[in-house]
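Okay, so here's the structure we're looking at.
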Number of protein chains: 2
Amino acid sequence: MVTLSDVAKEANVSKMTVSRAINHPEQVTPELLALVEKAMTKLDYHPNSVARALVNNRTNVIKFVTLEDIDTTEPYYMNLLFGVARGLKADSYAIQLVTDIDQIQKGNADGYIITGAREYNYPIFDELKKPFIFFGETSSNFDFVDTDNRYGTSIATKYALERGYQDAVFIGIDVKEGFEYAREYGYLASMQERNLEPKIFRTGNHSHLAEKLIDEQIENIKPNTCFICASDRLAIGVCRALSRLNKKLPEDYGVIGFDGVFLDQVSNPQLTTVKQQIFKMGDMLAQLILEKIKQSGSAQGQTYVKPELVVRGTTK
Amino acid sequence: MVTLSDVAKEANVSKMTVSRAINHPEQVTPELLALVEKAMTKLDYHPNSVARALVNNRTNVIKFVTLEDIDTTEPYYMNLLFGVARGLKADSYAIQLVTDIDQIQKGNADGYIITGAREYNYPIFDELKKPFIFFGETSSNFDFVDTDNRYGTSIATKYALERGYQDAVFIGIDVKEGFEYAREYGYLASMQERNLEPKIFRTGNHSHLAEKLIDEQIENIKPNTCFICASDRLAIGVCRALSRLNKKLPEDYGVIGFDGVFLDQVSNPQLTTVKQQIFKMGDMLAQLILEKIKQSGSAQGQTYVKPELVVRGTTK
DNA sequence: TTGTACGCGTTATCAC
DNA sequence: GTGATAACGCGTACAA
């Protein structure tokens, strides 16, 4: 293994000059800098991140915490995770996956990325001694990254109406969470802008529940309506019901989902959906937490990432 | 931060005694051991894994390499990854995610878990200086963990015939990979055992391709047949075609998928499928690579994990 | 600007 | 069986 000392010998300087050339190049004269760099490339030197971590009292580990009790199998998190991995790559940071809330405090890390946090989890975070960033809006003043949900349903609704659907109905998820409120709000505002009366139904986030809902309500919904759904799961259920009821998609009715992860593509026909930029958000989370660590915990603010409408087979 | 020295002072022994009490307790007299343990719990001491890693010339990092150019969004890998994370938890190991083949050599790790490897990748692995384990059967003599594919289609076929279907047809994936051969073999052997003539169709691993296949072939397939599919994707396509052709499921025809990750549950009706124990395999991969690291690279052998048949709505 | 000495927390080695 | 010492590779404090 090539060490700092080896490079120092090769370049005929002290270890410290090499160290400085790496970490504070502005403190080294250009001539020596060149010498050191030549030696480093010649020997193919790579800093030992463990030794570096030891002196800096770091671990080079970020904990990726998934608190939601949902099936972590959700492809959603996979995307996020790969985004995080990408953001961490350059700094030779590694990830520890945590699904059990009791495990958060076990072992060490330089920082945390936390997903699926609920209000009642907040006390736990107050005890964390290392910086953390949330994925998903929080009511507290924590740093977070989230999708601009309001914007998402807003562009979906507008698109539907522009494409010639006469009405838009919202199929929401029956939970009291910020993301759902935001998605409903985006729909509401867009409807009111056009002086249309909003209509919102809610049910559990399962395709068969949405299917049942449509079965029951289809008589109250006039043709040439577009369903704006709060998730792709719901959208798939809506499609299934419509198809069974012999309604033509996308002529008689339109369907727009939300999420754009995996499900939208395996459905038949493929869903028009509001696609969250999950990979990108993962990348951002990584960069923000690294920055926060560097700045020993200073706030990084709250970031909303705009989703994009992906038009496929379920809308005109 | 509580260190080894703090514990040593508290217990009135040397640092080495504390270190030994942790790593080689059999070399310490019971009396001192008790003293040390009392001190450790009193001070709530936790070993610094970074310092430990430095002296041992370790990184405490495992690289999780995904070579397959498929969409890494596949829920499949998420399960595997969480399994790996679970297996790594106790040893305070962290994961680095690698999707770019050029990144394998970048940075350090103590070992590799490699998924999606093909023959033409093998030369790369020969250059790796740290131990590695594959997920997925390999033709070379590498260590690996994989599903017992042959067993999987075998129990599926037998179950179908026992439940009263008169025939079983195999819908395979059109690739030249070991897993496909094994799945076909399991079906073949089970058919021959019962003196039934095997029938195999193959197509790309997409639901709509399977759907098309059934459309074309349905006339050649007599009722009361069960379709043994090489993937849930294919199975979903088969279901869709049957439903469109007004065949009754599971009365007229049966369908059994393979994989049991996510897709089987979002389909309608829910699939009877051969469920791979992916989480468990991830856990095993982690334990094997840790063991291999401890033993400085000695072979860990080849492990087949039996899948299990999950009976749901698409079979009698 | 550059170099020296020391410390980070742990473990292996070798005395006793 | 136990303890003193050195070493892992790097960075900070201080001296030159």
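First the proteins, then the strands, lettered A, B, ... as listed; each starts at 1. On a predicted model such as this, the values are computed, not experimentally measured, just so you know.
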Exercise. With heavy atoms under 4.0 Å as the rule, sort B/Val28 into base, sugar-phosphate or nothing.
Key: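 Sugar-phosphate: the residue B/Val28, judged by heavy atoms under 4.0 Å, touches backbone atoms but no base.
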Quiz item: Contact class for A/Asn48 (heavy atom, under 4.0 Å): base, sugar-phosphate, or nothing?
Solution: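 A/Asn48: backbone/sugar contact only, no base atoms under 4.0 Å.
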Quiz item: Using 4.0 Å as the upper bound for N to carboxylate O, is an ion pair formed by B/Lys292 and B/Asp143?
Solution: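 Salt bridge flag = yes for B/Lys292 with B/Asp143.
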Given atom [atom1] of [X] and atom [atom2] of [N], what is their separation to the nearest angstrom?
X	N	atom1	atom2	result
A/Lys15	C/dG7	NZ	C1'	11 Å
A/Glu26	C/dT2	CD	P	12 Å
A/Asn23	D/dA13	CG	P	13 Å
B/Leu54	D/dC8	CG	C1'	4 Å
B/Arg52	C/dC8	CZ	P	18 Å
B/Leu33	D/dG1	CG	P	13 Å
A/Arg20	C/dT1	CZ	C1'	8 Å
B/His46	C/dT10	NE2	P	12 Å

Exercise. Compare side-chain N and O positions of B/Thr29 against OP1 and OP2 of D/dT2 and report whether any pair is under 4.0 Å apart.
Key: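 Affirmative; the distance criterion is met.
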Quiz prompt | Presence of B/Ser14 side-chain N/O under 4.0 Å of D/dG3 phosphate oxygens OP1/OP2 | solution =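 For D/dG3, OP1/OP2 do have a side-chain N/O of B/Ser14 under 4.0 Å.
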Practice problem: Please say whether more than 12 non-hydrogen atoms of neighbouring residues, nucleotides or ligands are located less than 6.0 Å from NZ in A/Lys130. | Solution: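 Buried by this count: over 12 neighbours within 6.0 Å.
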Quiz item: Does atom NZ of B/Lys9 have more than 12 heavy-atom neighbours from other groups under 6.0 Å away?
Solution: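 12 or below, so no.
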Quiz item: Less than 4.5 Å apart, any side-chain heavy atom of A/Ile95 and any of A/Val61?
Solution: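 In short, these two side chains do not touch, never coming nearer than 4.5 Å.
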Self-check item: DNA chain D: 5'-proximal contact among B/Ala51 and A/Met16 (nearest heavy atom)
Solution: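 Comparing both residues, the 5'-ward one is B/Ala51.
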Practice problem: Compare the minimum distances between each of D/dG11, C/dG9, D/dT2 and the side chain of A/Leu4, then state the nucleotide with the smallest one. | Solution: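 The answer is D/dG11, which lies nearest to the side chain.
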Self-check item: Nucleotide nearest A/Thr17 when distance is taken to its side chain, options D/dG3, D/dC10, C/dG3
Solution: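 So the side chain of A/Thr17 is nearest to C/dG3.
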Quiz item: Can we call the ring centroids of B/Tyr120 and B/Tyr122 under 6.0 Å apart?
Solution: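 Here the rings of B/Tyr122 and B/Tyr120 have centres that are no less than 6.0 Å from each other.
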